[in-house]
Amino acid sequence: MQNNKPSKTDRTLIIIKPDGVQRSLIGEITKRYERAGLKLVAIKMLVPTPEMVEKHYTLDPEWRRITGEKTIKGYLDKGLIPPLTDPFEITARILERLKKYMTSGPVIAMVWQGAHAVPIVRKITGGTEPLQSDVGTIRGDFVLDSYQLSDEGERSVRNLVHASGSPDEAEKEIKHWFSDSEILNYRLIQEQIIYDVNIDGIFE
Ligand code: TYD
């Protein structure tokens, strides 16, 4: 459990989804987190199982309700009629599509560390629906998908990346995807210039 004070040991989970791998964007995506000053402390390539995907999305016991209600509100806000009225039924459908999407090929799972890791990564990644993501973000720059288009295709929205939504969520997700021994503790020389109070020792 983390407190609210920013720390250089804050961590977040990122998954480059199958479309990110298939579109040869692994380097482009990791570059953006890396150049922000974050430190990569774990990385692996794997093909997730449907069970791993379901567990990942339901680590928060409230996720099914929240996602269903949010989706219904999204339809109503756009003046559209939701295809189902029960939030749990809507989520069940979203989850089935997510399982199909996330197991369709290899993904890259990573843990990135640094002050404000969770919100910084969310900012660099951009909003969940690519149509709405800001220009300059990963999703805004590389994806043209929308909920409307993905719903028509009866599939998940292809948004390249998963990034944890909060520090608590991040801790649970990191435990779900990585064992302790897969996460490395090491010093990155640049941390001195990013975090240290005194910048000295530059001149010889
Ligand atoms: P969500 O938890 O709302 O987003 P985030 O992970 O950014 O906090 O949704 C989980 C994933 O499901 C996200 O990648 C978007 C996708 N999704 C769809 O494909 N269709 C939908 O109708 C919804 C609500 C989500």
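As a basis for the values below, the full set of heavy atoms in this structure was taken, side chains included, without hydrogen atoms, waters or symmetry mates. Atoms within each ligand, like the ligands themselves, are counted from 1 in listed order. The model shown is predicted, which means the values in this text are computed figures rather than measured ones.
- Annotation: atom 22 (O) of ligand 1 to nearest protein heavy atom, Ile94 CD1, 3.7 Å.
- Between Val118 and Ser164, the shortest heavy-atom distance links the atoms CG1-O, 3.6 Å.
- The shell of residues lying under 4.0 angstrom from ligand 1, judged by heavy atoms, excludes Glu169.
- Scanning Tyr147, Tyr75, Trp63, Tyr101 for the heavy atom closest to atom 25 (C) of ligand 1 points to Tyr147.
- Between Asn159 atom CG and Glu129 atom CD the span is 9.5 Å, to the nearest 0.5 Å.
- Proximity annotation for atom 16 (C) of ligand 1: of Leu160, Ile90, Val157, Asp60, Val157 comes nearest, heavy atoms only.
- Using a 4.5 Å heavy-atom cutoff, the side chains of Ile108 and Ile29 are not in contact.
- Looking at Arg158 against ligand 1, nothing comes within 4.0 Å, counting heavy atoms.
- Considering both main-chain and side-chain atoms, Ser150 never comes within under 3.5 Å of ligand 1 through any nitrogen or oxygen pair.
- Listed by atom number, the atoms of ligand 1 under 4.0 Å from Thr71 heavy atoms are 24 (C).
- Both Leu25 and Val143 are assigned to one and the same hydrophobic cluster, defined by single-linkage of ILVMFWY side chains at heavy-atom distances under 4.5 Å.
- Considering each of Arg97, Glu129, Lys70, Met102, the one bringing a non-hydrogen atom nearest atom 3 (O) of ligand 1 is Lys70.
- For Phe203, the CZ atom sits in a loose shell: 12 or fewer heavy atoms of surrounding residues, nucleotides or ligands are nearer than 6.0 Å.
- Protein heavy atom closest to atom 5 (P) of ligand 1, with residue, atom name and distance, is Thr128 OG1, 3.7 Å.
- Near Tyr57, meaning under 4.0 Å from any of its heavy atoms, are these atoms of ligand 1: 10 (C).
- Nearest protein neighbour of atom 6 (O) of ligand 1, counting heavy atoms only, is His162 ND1, 3.9 Å.
- Among protein heavy atoms, atom 11 (C) of ligand 1 sits closest to Leu98 CD2, 3.9 Å.
- With sequence neighbours left out, the side-chain contact (heavy atoms from CB on, under 4.5 Å) criterion links Thr67 to Trp63, Thr71, Thr91, Ile94.
- For ligand 1 and Ser156, the ligand atoms under 4.0 Å from any heavy atom of the residue are 19 (O).
- Of all the heavy atoms of Lys17, the ones lying under 4.0 Å from any atom of ligand 1 belong exclusively to the side chain.
- Geometric assessment of Lys17 against the ring of Tyr101 yields a negative cation-pi assignment under the 6.0 Å and 45° thresholds.
- Applying the side-chain contact (heavy atoms from CB on, under 4.5 Å) rule to Leu40 yields the partners Ile43, Met110, Trp112; only residues at least two apart in sequence or on another chain are considered.
- At least one cation-pi condition fails for Lys99 and Tyr57: the charged atom is not both under 6.0 angstrom from the six-membered ring centre and inside a 45 degree cone around its axis.
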